[in-house]
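Counting starts at 1 for both ligands and their atoms, following the listed order.
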Amino acid sequence: MKYEAVIGLEVHAQMLTETKIFCGCSTKFGSEPNTQTCPICIGMPGVLPVLNKKALEFAIRTGLATNCKISSYSRFARKNYFYPDLPKGYQISQYELPICEHGLIEIVVDNEIKKIGITRIHMEEDAGKNIHEGAGNYSFVDLNRAGVPLMEIVSEPDIRSPKEAAEYMKKLRAILRYLGVCDGNMEQGSLRCDANVSIRQVGQKELGTRAEVKNINSFKFVEKALEYEIKRQIKVIEDGGKIIQETRLWDSDRGITESMRGKEEAHDYRYFPEPDLVPLTVEQKWVDEIRAALPELPDIKRKRFVSEYALPEYDADLLTSEKSIADWFEAAVKAGRCDSQPGGQAKAVSNWMMGELMKLLNEENRTIGECALKPVQLADMLKLIDKGIISGKIAKTVFEEMYKTGKDAEVIVKERGLVQVSDEGAIEKAVDEVIAKNPKEVERFKAGDEKLLGFFVGRIMKMTKGKANPQMVNEILKKKLSLIQYH
Ligand code: ADP
Ligand code: MG
Ligand code: ZN
């Protein structure tokens, strides 16, 4: 039996507004507990909430960036439940009339574009936080987070694999960060994800029964939790069982999902229109203004990178994942424009960024803005390769040192004597020596084992400490080997 997974994500994004959604309290992170509260956000009776216009603008901005229809009329609703971090006994959210609907975003998987539908985006307030550590048998409630504005972004069940789910999360995060509406930090909880997942036989139209997996707080875990959950569901079915609709918790330490509550225990939130807030009417003129002020977004930038720089979708997608990375790339390409092939080095810049640069940044957990290396320095190093002054192999050493010290490639090459050897006599000498030292390999090569060419090149490069011009080595080596005759 062949199964396919069906996944829909519900993502909560904390908005980067200065103040809370229905009062003027600060949203600053990390202050002393309960110092950023007032009668409104701690839910005293008789107080009246007033909508933060910036939060509404951020939600509209996000809706426009994800190709949603912006509702000219929408409404807040009360979602009723009890928990100590929610003193009002209800959360102000949106229900049947959300601010944005019917959107879509594009993801790139295996170098192909796939569209994922956005069902809705609505605004709501965050709850407080219960603290269980550090006071023996007591628990505390910190309400600084109560009333911080959130967006809930709900996808259609269009996602088909854990990889696609992770790509979707990455793309959504990129969009939110480009827009400046959310910092996208999953570890700190400013971006949270609940994953709904079901399986069905390939070819089947109806959706299977889904489980909702909560508590996923990193991109890695989006994939891991879904992989586990899909395997679990397939096993249940193959063992003759049935999937039950339930909420499951991802346990990252153990790498498993566990049942938290079934359908019977599911909350009935008794949603009803929020009587303390008037319905929202949004004027088209304002929406148009917000649209006109949108930055160039990741998908549009990606398409431009493909057409303008002839990059593969994969490269363009990665390079546009952060605006700072995209800007760095374009600066490096521009800085190198004057050489023989205009624009021709875009792919080389991309390769160095996606390979060496990202590797070094990841090792130190740094962002591109935090490194000493400047785009023009990469462009200058590529020129040295182009002119044959350094080999691609030596360039790796040069690049690493440029990254660490911020020195220019030319300086490093001079200081460390890394100039490529293009002297024919010197290379011939090395080739002769390697041929003389390895008669058995020469014999095998002559007998038809052409793979051995790489072996010889490797020995010659080693002998010349990687400095020999590889193209010349290849040419001279082939010529010399073809001259040798065995009887
Ligand atoms: P709820 O509000 O109870 O969480 P929704 O119907 O709004 O439920 O769906 C929430 C999410 O679940 C959406 O992202 C949707 O795409 C996804 N979803 C719905 N049905 C399925 C299913 N059978 N399999 C996988 N995902 C699903
Ligand atoms: Mg849900
Ligand atoms: Zn307040």
Which is it for R173 and F219 under the side-chain contact (heavy atoms from CB on, under 4.5 Å) test, yes or no, and what are the steps along the way?
CA-CA 10 Å; R173 176 175 187 269; F219 289 103; 3.2 Å; yes
For [X], does the [atom1] atom have more than 12 heavy-atom neighbours from other residues, nucleotides or ligands under 6.0 Å away?
{"X": "E370", "atom1": "CD", "value": "yes"}
{"X": "E112", "atom1": "CD", "value": "no"}
{"X": "K114", "atom1": "NZ", "value": "yes"}

For ligand 1, does L9 get within less than 4.0 Å through its side chain, its backbone, both, or neither, judged by non-hydrogen atoms?
backbone
Using heavy atoms and a threshold below 4.0 Å, how should the contact between E10 and ligand 1 be classified: side chain, backbone, both, or neither?
side chain
Heavy-atom contacts with [X] under 4.0 Å: which atoms of ligand 1 show up? List them by number with element.
{"X": "V6", "result": "24 (N), 25 (C)"}
{"X": "S155", "result": "13 (C), 14 (O), 15 (C), 16 (O)"}
{"X": "V154", "result": "13 (C), 14 (O)"}
{"X": "S198", "result": "22 (C), 23 (N), 24 (N), 25 (C)"}
{"X": "E156", "result": "16 (O)"}

Where the Zn ion (ligand 3) is the corner point, what angle links SG of C23 with SG of C38, to 10°?
110°
Nearest 10°: the angle subtended at the Zn ion (ligand 3) by C25 SG and C41 SG?
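Seen from the Zn ion (ligand 3), SG and SG are separated by roughly 110°.
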Ignoring angles and geometry beyond distance, decide whether [X] reaches within less than 3.5 Å of ligand 1 through its nitrogen or oxygen atoms.
{"X": "G208", "answer": "yes"}
{"X": "V197", "answer": "no"}
{"X": "T119", "answer": "no"}

Should the pair D315-K347 be classified as a salt bridge under the 4.0 Å nitrogen-to-oxygen rule?
yes
Gap separating the CD atom of E296 from the OG1 atom of T320, nearest 0.5 angstrom:
9.0 Å
Could you tell me whether the side chains of E322 and Y178 share a donor-acceptor contact shorter than 3.5 Å?
no
Qualifying residue for salt bridge (charged side-chain N to carboxylate O under 4.0 Å, His left out) with E106, from R302, K171, K170, K301
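Per the salt bridge (charged side-chain N to carboxylate O under 4.0 Å, His left out) rule, the option paired with E106 is R302, out of R302, K171, K170, K301.
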